[in-house]
> 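Shown below is the structure under consideration.
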Amino acid sequence: MDIGRLNRRVEILQFFKDRDAYGGETGEWKTVAKVWAAITPISGTEQMFAQQVTAEKVVLITVRFCDWLTVMHRIRYGDKLYEILGELDSETAHRATILNCKELVSDGLQRKAKESQNNDRGCKCACERPQSNGGCSGKRDDAGGKGRR
């Protein structure tokens, strides 16, 4: 492994549970290590789920070999947070750990479903009829008269 490629300082986070004053469980993610890593983007997708557009970025993060690093940890790089989907030992040589990660995207970065859909398909009709049959014969708001689309 070329350690010169490990040019990003990342934090490894672990979830710690505590008990509150009423006996309920609370917890928070705390930094357990800071290591050098290489971050390689793999793919990015956008999909509709529960009437919202969700974005997903997949990256490979390579660090020096850590036998204790599992999918129960998270990786933080700057303001980005990555969930570990899988980890493997590079070539089983105990020199590098390769992490398959998904970036956790906050709601502020996702578009709303209405903004990403174009239900009117350019029609300026005043009618309330859905255009599922391929056209509308209502009056146009721009005084364009009747017409089939």
Side-chain angles (χ1 to χ4, degrees), residues 1-136 140-142 149:
M1 174 177 77
D2 180 19
I3 62 170
R5 287 185 40 229
L6 306 180
N7 58 358
R8 306 284 186 254
R9 191 72 166 168
V10 299
E11 298 176 43
I12 299 173
L13 307 174
Q14 184 174 350
F15 190 75
F16 289 97
K17 293 181 188 176
D18 289 328
R19 295 267 182 198
D20 61 10
Y22 301 103
E25 281 190 358
T26 61
E28 65 179 319
W29 290 93
K30 295 182 181 178
T31 302
V32 292
K34 291 184 180 182
V35 297
W36 290 99
I39 301 175
T40 308
I42 299 298
S43 69
T45 59
E46 198 173 81
Q47 57 193 354
M48 180 71 86
F49 182 71
Q51 296 184 348
Q52 288 190 351
V53 176
T54 59
E56 179 177 286
K57 294 180 188 176
V58 178
V59 298
L60 283 181
I61 299 178
T62 305
V63 297
R64 290 187 182 185
F65 181 71
C66 293
D67 60 347
W68 53 269
L69 191 56
T70 66
V71 295
M72 300 304 290
H73 294 91
R74 287 187 177 175
I75 305 292
R76 181 185 307 152
Y77 174 63
D79 59 348
K80 296 181 182 184
L81 191 61
Y82 296 99
E83 177 183 10
I84 300 174
L85 302 175
E87 37 83 23
L88 59 102
D89 182 9
S90 176
E91 301 173 2
T92 63
H94 299 314
R95 293 183 185 271
T97 300
I98 299 174
L99 306 169
N100 187 12
C101 299
K102 177 176 71 170
E103 183 178 348
L104 300 174
V105 181
S106 67
D107 289 342
L109 299 177
Q110 295 176 354
R111 293 191 306 237
K112 300 293 181 196
K114 284 192 171 192
E115 295 173 4
S116 65
Q117 291 177 342
N118 187 8
N119 287 334
D120 66 353
R121 297 185 186 138
C123 180
K124 305 292 186 228
C125 299
C127 72
E128 299 294 324
R129 196 174 107 202
Q131 295 185 9
S132 60
N133 63 359
C136 178
R140 297 177 58 89
D141 289 338
D142 60 357
R149 294 179 40 81

> Is the count of non-hydrogen atoms from other residues, nucleotides or ligands lying under 6.0 Å from R9 atom CZ greater than 12?
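Yes, enclosed.
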> Please tabulate, for the side chains in residues 74-85, all donor-acceptor contacts under 3.5 angstrom to protein atoms that are two or more places apart in sequence or on a different chain.
residue: R76; atom: NH1; partner: E11; partner atom: OE1; Å: 3.4
residue: Y77; atom: OH; partner: R8; partner atom: NE; Å: 3.4

> For residues 18-27, which side-chain N or O atoms pair as donor and acceptor with protein atoms under 3.5 Å away, sequence neighbours left out?
residue: R19; atom: NH1; partner: G23; partner atom: O; Å: 2.7
residue: D20; atom: OD1; partner: Y22; partner atom: N; Å: 3.1
residue: D20; atom: OD1; partner: G23; partner atom: N; Å: 3.0
residue: D20; atom: OD1; partner: G24; partner atom: N; Å: 2.7

> Identify the heavy atoms of I98 and S90 that sit nearest to each other, and give their distance.
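Result for this residue pair: CD1-CB, 3.8 Å.
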> side-chain hydrogen bond (donor to acceptor under 3.5 Å, both in side chains) with D89: which residues, sequence neighbours excluded?
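So D89 forms a side-chain hydrogen bond (donor to acceptor under 3.5 Å, both in side chains) with H94.
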> Which heavy atom of A38 sits nearest a heavy atom of L6, and at what distance?
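Answer, listing the atom of A38 first, then L6: N-CD2, 3.6 Å.
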> For E87, what residues pass the side chain to side chain contact (heavy atoms under 4.5 Å, CB included) criterion, not counting sequence neighbours?
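Result, side chain to side chain contact (heavy atoms under 4.5 Å, CB included) vs E87: T97, L99.
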> Taking the side chain from T31 and the backbone from A33, do they hold a donor-acceptor pair closer than 3.5 Å?
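No.
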> Could you list the donor-acceptor pairs under 3.5 angstrom formed by side chains in residues 61-69, with sequence neighbours left out?
none

> Sequence neighbours excluded, which residues qualify as ring pair (Phe, Tyr, Trp, His ring centres under 6.0 Å) partners of W36?
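For W36, no residue satisfies ring pair (Phe, Tyr, Trp, His ring centres under 6.0 Å) once neighbours in sequence are set aside.
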> Please list, chain by chain and in numerical order, all residues satisfying side chain to side chain contact (heavy atoms under 4.5 Å, CB included) with V58, sequence neighbours excluded.
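Listed in chain order: I42, S43, E56, N100.
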